[in-house]
Enquirer: 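Starting off with a structure, shown below.
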Protein chains: 2
Amino acid sequence: MPQKSARPRPDADSAPTQERHTAPAGDLVYQEVKARILDHRLEGGALISEGDIAAELQVSRTPVREGFVRLQAEGWMTLYPKRGALIRQAGPNEARDVVEARIVVESHAVEAITTSGHGQEVADELRELIRTQSEALDAGNHDDFAEIDADFHQHIVLRAGNGLFIDFFDNLKDRQRRMSARSVWKSSEKAETVLAHHRELADLIAAGDVVGFKQRLGTHLNEVHHRLLP
Amino acid sequence: MPQKSARPRPDADSAPTQERHTAPAGDLVYQEVKARILDHRLEGGALISEGDIAAELQVSRTPVREGFVRLQAEGWMTLYPKRGALIRQAGPNEARDVVEARIVVESHAVEAITTSGHGQEVADELRELIRTQSEALDAGNHDDFAEIDADFHQHIVLRAGNGLFIDFFDNLKDRQRRMSARSVWKSSEKAETVLAHHRELADLIAAGDVVGFKQRLGTHLNEVHHRLLP
DNA sequence: AATGTACAACTTGTATCTATGTTGCGTTCA
DNA sequence: TGAACGCAACATAGATACAAGTTGTACATT
């Protein structure tokens with residue numbers, strides 16, 4: 001029997017009636033600390049305290065705690081009672097695990113897309129993305145280039161339509177971002193290589209060649225990765 | 001440059017020095033509320049408030065809030081400012097998505113296991129699990145039977161060694177649990193069918209037949225599922 | 001009757017306060 | 001010299017206080 005069987009509810013998963021004009025302090029903490037972890041302003045292994053962040057961000061410790069709990073739930077830090085918050089190390093296998101997981105998830109997404117007959121459609125959307133990414137490169141906008149690069153892969157997973165994989169892939173994206181945060185696509189030669197790879201991947205999707213896609217994606221990710229970590 | 005570059009740290013991801021003797025109230029809230037969601041004592045669509053849970057569990061709102069934040073991060077509820085916490089609906093595609101994701105993750109795990117040459121080893125471990133599960137059935141212990149059933153599949157993912165997939169699979173397991181919470185393996189005939197399926201799956205792992213495993217797993221999950229959602 | 005409005009009840013957001021656990025270091029004692 | 005002890009500094013856990021947003025309803029107004 002339901003606990004108390006609910007008051008009028010805001011219509012299953014609808015948006016809040018009114019937007020906030022002031023960002024909640026808890027979200028601020030979450031986003032700010034996560035951003036610092038992803039771009040290595042906070043290094044793995046560092047031990048920080050609620051008080052430090054609270055003072056720096058000019059909020060009380062309560063919303064800091066809220067942010068910390070979220071970050072722990074997502075695996076970015078570990079909370080030690082009465083001790084502090086430890087930023088989690090990347091772990092020796094994480095790079096391998098992320099690449100492996102991406103290959104599995106993205107390849108499956110392509111299979112789902114092609115077997116449902118949306119291969120051409122999605123391939124066209126990806127080519128459009130490649131076009132804008134190419135423009136970003138020409139304009140020298142490296143940040144946009146990197147962002148669209150991530151969008152390309154995410155779009156594939158998005159279009160496959162499995163919400164669980166979509167959420168999981170978000171996590172993978174963040175982890176990859178932390179690992180490759182130090183590198184930028186300054187060399188246009190390397191950037192062109194990435195574009196070429198993406199064009200091939202889009203073609204393979206259009207052709208419905210799932211195994212080909214999987215192989216190419218593997219070489220793509222590994223090649224990108226080896227230019228970053230040597 | 002590192003923020004403040006850390007005080008002495010408790011040796012990367014080590015356990016806390018001393019165990020607690022009293023369970024933290026925040027964990028209590030998290031586990032209790034999650035349990036209620038998984039077994040439908042809290043239904044999807046219900047709107048609950050921090051105060052209700054706090055009063056019922058005899059703690060203040062602070063740890064309740066902590067638990068709620070964790071539950072939201074894991075996708076079990078949505079927090080609406082000044083309104084309350086809405087238990088998320090299962091979603092019309094969730095059953096399909098969970099099965100799809102499980103097939104992908106488990107099949108990949110088998111591929112990783114067999115290509116690394118641990119197929120026989122893992123198959124033997126699984127057979128041992130099947131043995132204990134069979135004993136639980138004979139003893140009429142349906143709860144243990146269901147638990148070992150979940151362990152069987154989790155073990156495969158565990159042995160593949162990818163920490164990201166392991167965490168993801170935990171999530172899948174909980175979602176499946178919520179969906180099938182109302183059914184029990186009372187019929188020993190159905191239970192025997194499950195055991196037979198698991199034996200076949202173990203055999204396919206031993207034989208290194210990844211595509212065979214994937215197919216069998218698909219029929220297994222769908223068959224199990226169709227007996228639940230008729 | 002339909003509509004607009006003021007208000008009471010309820011809920012969260014955040015700050016603050018108290019209690020307690022942990023650590024590091026200086027002091028003491030063998 | 002070195003180990004044990006005590007204590008101050010620090011950190012979190014949880015409770016509580018208070019401010020502010022949201023909603024349903026009763027009631028006045030048209």
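Naming convention: chains lettered A, B, ... in sequence-line order (proteins, then strands); numbering from 1 in each chain.
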Enquirer: In whole Å, I'd like the distance from the CG atom of A/L47 to the P atom of C/dT23.
Expert: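 Interatomic distance, CG of A/L47 to P of C/dT23: 10 Å.
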
Enquirer: Suppose we screen for side chain to side chain donor-acceptor pair (under 3.5 Å). Which residues come up paired with B/E32, at least two apart in sequence or across chains?
Expert: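 Partners of B/E32 under the side chain to side chain donor-acceptor pair (under 3.5 Å) test: B/R36, B/R41.
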
Enquirer: Looking at residues at least two apart in the chain, or sitting in another chain, which of them share a side chain to side chain donor-acceptor pair (under 3.5 Å) with A/R61?
Expert: A/E50

Enquirer: Within this structure, what is the CD-to-P distance between B/Q58 and D/dG14, rounded to whole angstrom?
Expert: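 It works out to 15 Å between those atoms.
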
Enquirer: Ignoring hydrogens and angles, answer whether the base of C/dT11 and the side-chain atoms of B/K82 contain a donor-acceptor pair closer than 3.5 Å.
Expert: no

Enquirer: Whole angstrom is fine here: how far is it from CD1 in B/I48 over to P in C/dT11?
Expert: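 The answer, rounded to whole Å, is 11 Å.
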
Enquirer: Can you tell me if the side-chain N/O atoms of A/R83 get under 4.0 Å from OP1 or OP2 in C/dT23?
Expert: yes

Enquirer: Without decimals, in angstroms, what is the distance between A/Y80 OH and C/dT23 P?
Expert: 12 Å

Enquirer: What is the distance, rounded to the nearest whole Å, between atom CG of A/L86 and atom P of D/dT12?
Expert: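 For the pair A/L86 CG and D/dT12 P, the rounded distance is 13 Å.
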
Enquirer: With sequence neighbours left out, write down each residue that passes salt bridge (Lys or Arg N to Asp or Glu O under 4.0 Å) with A/E74, or none if nothing qualifies.
Expert: A/K34

Enquirer: Whole Å only: how far is the CG atom of A/L57 from the C1' atom of C/dT14?
Expert: 14 Å

Enquirer: Once you measure the plane-to-plane angle for A/H198 and A/H153, does it fall in the parallel (<30°), tilted (30-60°) or perpendicular (>60°) bin?
Expert: perpendicular

Enquirer: For A/E66 and D/dG14, give me the distance from atom CD to atom C1', rounded to whole Å.
Expert: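 These atoms are roughly 16 Å apart.
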
Enquirer: Please enumerate all residues that pass salt bridge (Lys or Arg N to Asp or Glu O under 4.0 Å) together with B/R127, with sequence neighbours excluded.
Expert: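 Result, salt bridge (Lys or Arg N to Asp or Glu O under 4.0 Å) vs B/R127: B/D124, B/D203.
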
Enquirer: Sort me out a list of protein N/O and nucleotides 16-18 of chain C N/O pairs below 3.5 Å, or just none if empty.
Expert:
residue : atom : partner : partner atom : Å
C/dT16  : O4   : A/T62   : OG1          : 3.3

Enquirer: Using side chain to side chain contact (heavy atoms under 4.5 Å, CB included) as the criterion, list what pairs up with A/D97, not counting sequence neighbours.
Expert: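 A/D97 satisfies side chain to side chain contact (heavy atoms under 4.5 Å, CB included) with A/N93, A/E100, B/N162, B/L164 once adjacent residues are dropped.
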
Enquirer: Could you state the CD-P distance from A/E50 to C/dT14, rounded to the nearest angstrom?
Expert: 15 Å

